[in-house]
Every structure is written in structure tokens, then in C-alpha cells.
Q: 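First the structure, then my questions, so here it is.
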Amino acid sequence: MLIPFRALLSELSRPHHTLLRTQILHAFIIKTHLSRDPFYATRLVRLYAINNDLSSAHQLFDETPQRSIFLWNSIIRAYAKTHLFSDAFALFKRMLSLETSPDNFTFACILRACSEKADINGLEIVHGLGVVLGFGLDSVCCSALVSAYSKLGHLDKASRVFYGILEPDLVLWNSMISGYGCCGNWEKGMELFRKMRELGKCPDSYTVVGLSIGLTDPTLLRIGESVHGFCVKCNFGWIGHVNSVLVNMYSRLKCMDSAYKLFNSLLQPDLVTWSALITGFSQAEQHNLALDFFRKMNLEGRKPDHVLISSALAAAAQTAIVRPGCELHGYAIRHGCHSEVTVSSALIDMYAKCGYLGLGMKLFKSMPKKNIVSYNSIIACLGLYGFAAEAFKTFEEVLSEGIRPDESTFAALLGACCHSGLVDTGREYFRRMRDEFGILPKNEHYVHMVKLIGMAGELTEAFELVQSLQQPADSSIWGALLSCCNVHENYELAEVVAENLFKSKQTKNSYKVMLSNIYASDGRWDDVQKLRFDAEDLKGKIPGIAGLIV
DNA sequence: ATAGGGTTAG
């Protein structure tokens, strides 16, 4: 039987098909002998990849005699997307030895794979190869390079690529802006944003997403609001991910009022937006509200996925009461996602934070497949309980399993050192993180290091560490240093720290809160008065402020 | 004639 040619073509161009439909289409194509045509093979490879049937995709690839560059790229992308990096790289190498040479899109796929497996060496090698093959100034290749370098924290290399391009296209601008964003350098991102508009480039929704991810500090609320305003002005509200990104931004900026207001204005918030709101409430210490919203979502008939269940579990963990978490555990089992790695890791974390480290350990041991996320949660929990030695042992296990530790692993290890006051061990892990594993320290790591060094009484050293940062330190780092000054009653340094902060152009309300805490504990009420921040204005934006107003 | 793909969120 032959189905009409046009019908087949239109079926193939539909973006989604179930696996069964894909197989039926495949069968038809074999019958019509069209499967030897790389065009049809490419379509099918894509459909198989969407349905996670990579072996069928690969088989089809092998059986296609004439492989176009499209076909090569599709199969490489399919492997990279599923994080089967070694297969993707093997194909790339095979390609280099054959007559079909890679194009800019091939490079984009491979570069992204390098950044996702946190392989800076591989990234540099592929970069070099790309330049040799003539893609050094290609915008597709360069935007992939810019994002890959910035995701691994190498802003210098990313910007070198970016500024080497005379007339960047929109995607390239966006890549650099979000690159600055994900490295926490929001000021540079804003500067670029202004420059791009001066040049008459019209920003799109990716641009504002890139801008907003850099806003992580509550002192930057005003800037966040202006980003939101820009979205409204440009009418980006109908673009799905923009709303979830903004809810997430307000949550990070500790302004749950605005997050909720925005959420509430949406007709049909998607799962990501629900989860951004729930996580936001939980991180703003409103754990019960977070759990209420999880229930509300269920009542509205929305079906939470495993990420959402994990967010709810994180909220349950914060309550430090085991019952809600237990209920969620049952819920996860009923919905068949308790063995999802994100869920089991969240469960481990929840049980441990609610006082049942044993239960968490048991769960961990029973996990059939452990990945770095599950290891990270168990290491963090051991550290939290003061079992530093066990945390370190688990880290050795990670290494012997051949799993690559990530930045959270080291944050957990440094946290373990903090809890047990192991200054030298902490320094050693900090060093190994960079030298051995090529992971550049982020805010979180500096917070731990500052705490570790500062709490040991080495206030000057901690101060020097903060000053030596390439990026402007955010308030969590300064906060850590201020609390160390507080503990060691070094009010002189506390004021120097504060002064340094006030020199920066940002609004500094949260810094004032910290400083006034210190003044207050010293009984210097006049100085508290002198700070003269508008307490009412801060209500609900900075946790802990309510206590200070009273 | 058609086709792949670079920047984004929980």
C-alpha cells in the first residue's frame, strides 16, 4: 500500500509523534524506498530521539548510505541531549575522519555537550578545532562558545569570543548577556543591554531572561522591577517562559508579594511557574504556604511532575517536621516517581533535615542508580550533622565510582568543614576544586570559605579573600563576613566592611539590616538610628526585618 | 523542494 506522498511529508513535518507512530512512519518509508534518502532519515532520527529511542535512531543512521550533514548533526544532537556524551563525541570523531566535514551547527552541538559535561579541556580543544576549520567568526559557533565558556565560569574567554565579533547577531548578544547573568555579573549584563539598544538591536524574550538570571541579591529589587517593566512594555507576557522566569526572579529577590501578584495575574500558569512560586515561598521561610500551594495545585487538577514534587519536598524539609514530607513520600510512590533521582535526593535531604538521618542513609543505600545529585545531598546532610569524616569518605566514593563531582559537591564539602571547623581541610578542598577539577568557585563557595576562615578568627584573611574576588561580592558573602565580625566582636572591621559596601552603587537596605543587627547587639542604638532605613519599605522583602522593627 | 541548529526557566 502506498500512502500519498504529500500526506507522508506533512506527517513527517509534525514536530511530535509517539514512538508507535514513528515506527509506522518508518515502516512506510522503508516500503517506498525513501529511507535511503537522507532527508527522510533525518526526520525519523529526530522523531526517534524525541521518543528516547536512540538505538533505533542509531540503527537508522547506520543503514542510511548517504549521510548528509543534517543527518550527522541530528544524531549527534540526539546523543548530546540525552547526556550520552561519549557517544556524541565518538560520532564527532568518526565524522572528522570521513569525507563529510562538520559545519557550524555540528560545532554548536559539541560545544554545548562540553559545557554540559563540565569539560573545559575538551571545550578548548573543540574551540581550537573550530577556528582551524574556519568557524572562528561564525555566529552560530560563537554563540555556542560564549554560552559554553560562561556556563563553566570562564567569563574572560567568553567575552574574548564575543568582542571578537564585529556585528553580533541577536542570539550572540543574548548569549553574552546571559553569560554575564549566570556568572553573577549583572552590571556588565546591563551595560551590554544598553549598548545593544543604542545600536538599534531589538531585544527579545531571551534577552530579558539573560538579564534577570543575574539578579540574585535582594538589594537589586529595583532593577528586577525595571526588567519586569520592560517585559510589560514589550508585551512579552504571553511568551511562556518569561512569566516563570520573572516569578523566579522575584523569589530570588525575596519579594514574594510581587512574585505572587504576577503569578496570580496569569490565566494558566504552567508547571515551571507553579514550581518557581512554591520554591520561592519555601526559600522565603514560608514553608507552610509553599505546601499549601502544592495542595492548591492538586486541587486545581494540575498534575505535578517529579521536579515539582522535589520542590514540595524541599519545602517540607524546611519545616523540620517529618509528617508533611512523609505524606509527600507516599504521594511520590503513588505517582510512581519516587525512584526518580531528583525525588529520591530530595527525600534523603528531607528525612535528614527532619532529624532522620538514618532514614535518609537507608534510602540512599537502596537507590539503584545514584548520580552526583544524590551524592551531593548525602554529603551535605552528613556535613550538617557534623559527620565530616563520613562526608569526606562519601566524596572518595564518588571519585572511585568515576562520577565527576560538581560545584554543589564542593559546596557540600566546604559546608561540612564549616560545621566542624576544619579550616585546613576546607582550604584543601577549595584548592582541589579549582586545580584538580577545574571548577571555578561561585558565591556559595566563597560564603563557606569566608565563614570558615572568619569564624576561626582570621578576620583579616577573610576580608582579603572577599576583596580579591574578580566579581563584585554579593551580600551573602558580605553577610558571612559581617557575622564573623560580630562573633569576634570586631566592630571596627564590621564598619569597614559596611563602608566598602555603601560605596557600591546598589541600594543597600539589606546591608543596613545586617549592620544594624551588629549595632543593636552592641547596644549602639544611636548608630542604628543613623542608618535610617525605611523599615516599612523593607517589610516582606528581607526575612528577619520584622524582628528588627519591633 | 524539503531538512539540522546556536541563546532561556522550576
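We name chains A, B, ... by the order of the sequence lines, and we start the count at 1 in each one. Since the model is a prediction, treat every value here as computed from it, not as a measurement.
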Q: To the nearest Å, how far apart are A/Leu211 CG and B/dA9 C1'?
A: 15 Å
Q: Checking A/Phe105 now: which residues fulfil ring pair (Phe, Tyr, Trp, His ring centres under 6.0 Å) with it, not counting sequence neighbours?
A: none
Q: Using the side-chain hydrogen bond (donor to acceptor under 3.5 Å, both in side chains) criterion, which residues pair with A/Tyr180? Sequence neighbours excluded.
A: none
Q: Identify all side-chain donor-acceptor contacts of residues 163-171 of chain A below 3.5 Å with residues at least two apart in sequence or on another chain.
A:
unit_1   : atom_1 : unit_2   : atom_2 : d
A/Asp169 : OD1    : A/Val171 : N      : 3.4
A/Asp169 : OD1    : A/Leu172 : N      : 3.0

Q: Across nucleotides 3-8 of chain B, 5' to 3', mark each nucleotide with B, S or - according to how protein heavy atoms within less than 4.0 Å reach it.
A: BBBBBB
Q: Scan A/Leu271 against the nucleic acid and name what it touches under 4.0 Å (heavy atoms): base, sugar-phosphate only, or nothing.
A: base
Q: List in chain and number order the residues that pass side-chain hydrogen bond (donor to acceptor under 3.5 Å, both in side chains) with A/Glu99, two or more places apart in sequence or in another chain; answer none if no residue qualifies.
A: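 side-chain hydrogen bond (donor to acceptor under 3.5 Å, both in side chains) check on A/Glu99 returns nothing, list empty.
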Q: Quick one, which residues of residues 306-320 of chain A touch DNA chain B with a heavy atom under 4.0 Å?
A: A/Val307, A/Leu308
Q: I'd like to know if A/Asp62 and A/Arg94 make a salt bridge, using a cut-off of under 4.0 Å between side-chain N and carboxylate O.
A: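 Salt bridge flag = yes for A/Arg94 with A/Asp62.
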Q: Taking only residues two or more places apart in sequence or in another chain, which ones pass ring pair (Phe, Tyr, Trp, His ring centres under 6.0 Å) with A/His127?
A: A/Tyr149
Q: Name every donor-acceptor pair, under 3.5 Å, that has one atom in a side chain of residues 292-300 of chain A and the other anywhere in the protein, sequence neighbours excluded.
A:
unit_1   : atom_1 : unit_2   : atom_2 : d
A/Asp292 : OD1    : A/Arg295 : NH1    : 2.9
A/Asn298 : OD1    : A/Tyr331 : OH     : 2.6
A/Asn298 : ND2    : A/Phe294 : O      : 3.1

Q: For residues 307-317 of chain A, which side-chain N or O atoms pair as donor and acceptor with protein atoms under 3.5 Å away, sequence neighbours left out?
A:
unit_1   : atom_1 : unit_2   : atom_2 : d
A/Ser310 : OG     : A/His306 : O      : 2.7
A/Ser311 : OG     : A/Val307 : O      : 2.9

